[in-house]
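A quick write-up on the structure given underneath.
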Amino acid sequence: MGFGMIATWRMALEGVTCASEMLKNGLKSDECIEKAISMVEDYPFYKSVGYGGLPNENCEVELDSAFMDGNTLAIGAVAGIKNFKNPVSIARKLSEDRFNIFLVGAGAEKFAHENGFERKNMLTERAKKTWKNRLEEIKAKNLSPYDGHDTVGMVCLDKYKNMTTATSTSGLFMKKRGRVGDSPISGSGFYVDSKIGGACATGLGEDIMKGCLSYEVVRLMGEGIQPQQAVEKVISEFSKKLIERRKKAGAISIVCMNHKGEWGVGTNVEFSFVVATEREDAKVYVANQQGDKTTYEEATKEWMDAYEERIKRPIE
Ligand code: ASP
């Protein structure tokens with residue numbers, strides 16, 4: 001039996017590369033996905049997840065994360081948690097419990113403290129500068145403050161057919177204190193059933209949660225629809241519905257993988273993602289919407305170099 005992993009955004013590359021080695025060596029899905037997500041959380045230049053994540057309007061980094069086990073359907077999630085190093089590990093720990101599996105704010109922090117999770121100030125100087133600059137720009141140009149968000153989400157299948165999914169994000173840059181998006185919400189930001197497959201989402205949480213889109217993709221795969229068709233159908237139909245009913249559809253991108261390791265991607269904006277399988281080393285792809293379909297190709301060296309330059313560009 002093969003293994004596989006699919007993840008949102010270029011930022012997942014190092015984590016997926018490491019986790020796919022672990023999967024190759026026979027480690028299990030839950031351990032591999034936690035490792036992969038925590039590597040993204042730890043890297044200071046990824047500005048929408050974990051350490052270095054962009055703050056809310058009060059310049060506080062509030063993080064959301066979830067973990068789901070596709071065998072037992074166990075879920076753990078945290079939202080609006082501050083000053084802890086790896087929200088995904090806290091979410092995974094919560095998934096072991098029968099009650100109180102989704103904790104927010106002070107309650108999540110109390111749980112993390114009592115269970116020995118490492119505290120860390122997650123606000124970097126770079127994120128603080130970005131926040132200050134944005135504040136000035138919003139005032140000067142009278143802009144909407146909300147520009148910038150991305151979630152790392154992954155679906156993982158191991159050699160023993162265990163599947164997991166997990167997400168982690170700092171959410172919407174400049175969000176109001178206490179704002180929670182789709183990422184820690186079951187069925188919206190993520191869902192997995194080891195007998196079918198899993199999906200996870202990134203984009204404007206306020207819109208993703210209007211359609212419970214990750215569950216919808218898994219449900220369609222459960223009806224026998226191929227991952228690529230399932231995810232394209234969900235994205236295109238739901239984007240149209242939003243435009244019909246609300247005149248606007250926010251950015252929505254979803255990755256999915258079924259229990260055989262076949263995968264799919266759907267998006268209504270330009271979107272990068274990472275895939276590794278038994279046959280393929282971890283690779284970055286760039287996807288785009290094309291009518292009702294999503295097309296993708298491997299990221300070029302120029303694209304990868306430009307990304308590297310952009311995330312590390314000095315900020316005044
Ligand atoms: N979905 C996340 C949120 O709304 C952000 C993102 O994935 O871009 O918090």
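- Taking 4.0 Å as the cut-off between side-chain N and carboxylate O, Glu137 and Arg134 count as a salt-bridged pair.
- Ion pair Glu308/Arg10 flagged as a salt bridge, since at least one NZ, NE, NH1 or NH2 atom sits closer than 4.0 Å to an Asp/Glu carboxylate oxygen.
- Taking Lys24 as the reference, Glu21 meet the salt bridge (charged side-chain N to carboxylate O under 4.0 Å, His left out) condition, with sequence neighbours excluded.
- We find that Lys210 and Glu206 are not joined by a salt bridge, their nearest charged nitrogen and carboxylate oxygen being 4.0 Å or further apart.
- Salt-bridge check for Lys176 with Glu57: passed, with a basic side-chain N closer than 4.0 Å to an acidic carboxylate O.
- Looking only at distances, a side-chain donor or acceptor of Asn268 sits under 3.5 Å from a matching main-chain atom of Ile252.
- Ring geometry for Tyr285 against Phe273 counts as parallel: the plane angle stays under 30°, on a 0 to 90° scale with 60° as the upper cut.
- Aromatic ring orientation, Trp263 versus Tyr296: tilted (interplanar angle from 30° to 60°).
- Remark: of the listed residues Arg177, Arg179, Lys128, Arg177 is the sole one forming a salt bridge (Lys or Arg N to Asp or Glu O under 4.0 Å) with Glu60.
- Panel note: side chain Thr151, backbone Ser168; no donor-acceptor pair is recorded below 3.5 Å.
- Through chains of ILVMFWY side-chain contacts below 4.5 Å, Val78 is grouped with Tyr51, Val61, Leu63, Ile81, Phe84, Ile90, Leu94, Leu103, Phe111, Phe117, Met122, Leu123.
- Checking side-chain atoms of Thr17 against main-chain N and O of Ala282 turns up no donor-acceptor pair under 3.5 Å.
- With respect to the salt-bridge test (charged N to carboxylate O, under 4.0 angstrom), the residues Lys132 and Glu136 do not qualify.
- A salt bridge between Asp207 and Lys248 is absent, with no side-chain N of the basic residue lying under 4.0 Å from a carboxylate O of the acidic one.
- Within the 3.5 Å criterion, the main-chain N or O of Asn86 finds no donor-acceptor partner in the side chain of Glu118.
- By the 4.5 Å heavy-atom criterion applied to side chains, Val265 and Ser253 are not counted as neighbours.
- Thr202 and Asp150 are not linked by any side-chain donor-acceptor pair at a separation below 3.5 angstrom, with hydrogens and angles left out of the test.
- Between the Asp158 side chain and the Ser29 main chain, a donor and an acceptor come within less than 3.5 Å of each other.
- No donor-acceptor distance shorter than 3.5 angstrom exists from the side chain of Tyr43 to the backbone of Val49, with no hydrogens or angles considered.
- Checking side-chain atoms of Ser194 against main-chain N and O of Asn162 turns up no donor-acceptor pair under 3.5 Å.
- No side-chain donor from either of Ser183 and Asp64 sits under 3.5 Å from a side-chain acceptor of the other.
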